[in-house]
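Only heavy atoms go into these numbers, but all of them, side chains included; no hydrogens, no water, no symmetry mates. For reference, positions follow the sequence shown, starting with 1. When a ligand or atom number is given, it counts from 1 through the structure's own listing order. Keep in mind that what you see is a predicted model, and the values were worked out from it rather than measured.
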Amino acid sequence: MSNLTFTMIKPDAVRNGHIGAILAKMNEAGFKIVAMKYTHLSPAKAGEFYEVHKERPFYGELVEFMSSGPIVAAVLQKENAVADFRTLIGATNPAEAAPGTIRALYATNVGENAVHGADSDENALREANFHFAGTEMFF
Ligand code: UDP
Ligand code: MG
């Protein structure tokens with residue numbers, strides 16, 4: 001089991017001014033920032049990141065949304081990071097997200113849902129390496 005996860009603050013939350021509040025939630029929950037950058041994904045890069053969802057009906061919309069404005073990408077460290085972070089962000093659809101979770105507080109709808117969280121240790125590593133060089137991570 002790894003103690004790392006990967007997250008993005010998505011374009012909707014950036015546009016709505018929630019970067020600071022979302023980072024505070026991560027800190028309060030005990031996550032340490034290992035890597036972080038403010039960046040803007042091209043449609044090609046967003047498509048590559050979400051390649052696993054290529055056959056899903058929402059893929060085109062997702063790629064368009066994720067490349068629609070800047071994001072904050074980060075690698076976070078904590079014991080049981082992947083599962084604990086998924087609990088902190090809440091369900092994919094904010095209407096179903098538990099009260100107090102980041103998506104319940106800051107997401108707009110099931111597509112524009114404020115944050116990404118890796119769903120496995122394997123994907124957390126893949127996603128961290130997709131966005132960051134080894135020299136940009138500080139353990
Ligand atoms: N998504 C969407 N419509 C859906 C399901 C997902 O637009 O019906 C988007 C949403 O932004 C979600 C992302 O696709 O966060 C990836 O979907 P996944 O099922 O992996 O949800 P997550 O792991 O982000 O909770
Ligand atoms: Mg997912």
E28 and K25 ion-paired at < 4.0 Å: no
At what distance is the nearest protein heavy atom to [atom], and which residue and atom is it?
| atom | answer |
| --- | --- |
| atom 11 (O) of ligand 1 | G111 O, 2.8 Å |
| atom 4 (C) of ligand 1 | F58 CD2, 3.5 Å |
| atom 10 (C) of ligand 1 | V110 O, 3.2 Å |
| atom 21 (O) of ligand 1 | T92 OG1, 3.3 Å |
| atom 24 (O) of ligand 1 | R103 NH2, 3.0 Å |

Element-labelled atoms of ligand 1 that are located less than 4.0 Å from some non-hydrogen atom of R86: 22 (P), 23 (O), 25 (O)
Those atoms of ligand 1 less than 4.0 Å from some heavy atom in N113: 10 (C), 11 (O), 12 (C), 15 (O)
Side chain, backbone, both or neither: M66 near ligand 1, heavy atoms under 4.0 Å: neither
Side chain, backbone, both or neither: E112 near ligand 1, heavy atoms under 4.0 Å: neither
Mind checking whether [X] and [Y] have side chains closer than 4.5 Å, heavy atoms only?
| X | Y | answer |
| --- | --- | --- |
| L23 | I9 | yes |
| Y50 | R56 | no |
| V110 | T92 | yes |
| I71 | P11 | yes |

Parallel, tilted or perpendicular, as decided by the 30° and 60° cut-offs, for the rings of F49 and F130: perpendicular
Parallel, tilted or perpendicular: rings of F31 and F85 (30°, 60°): perpendicular
Over-ring placement of K37 relative to F132, 6.0 Å and 45° cut-offs: yes
Within-cut-off N or O pair, Y50 and ligand 1, under 3.5 Å: no
Proximal candidate to atom 16 (C) of ligand 1 [heavy atom criterion; set H53, M8, H116]: H53
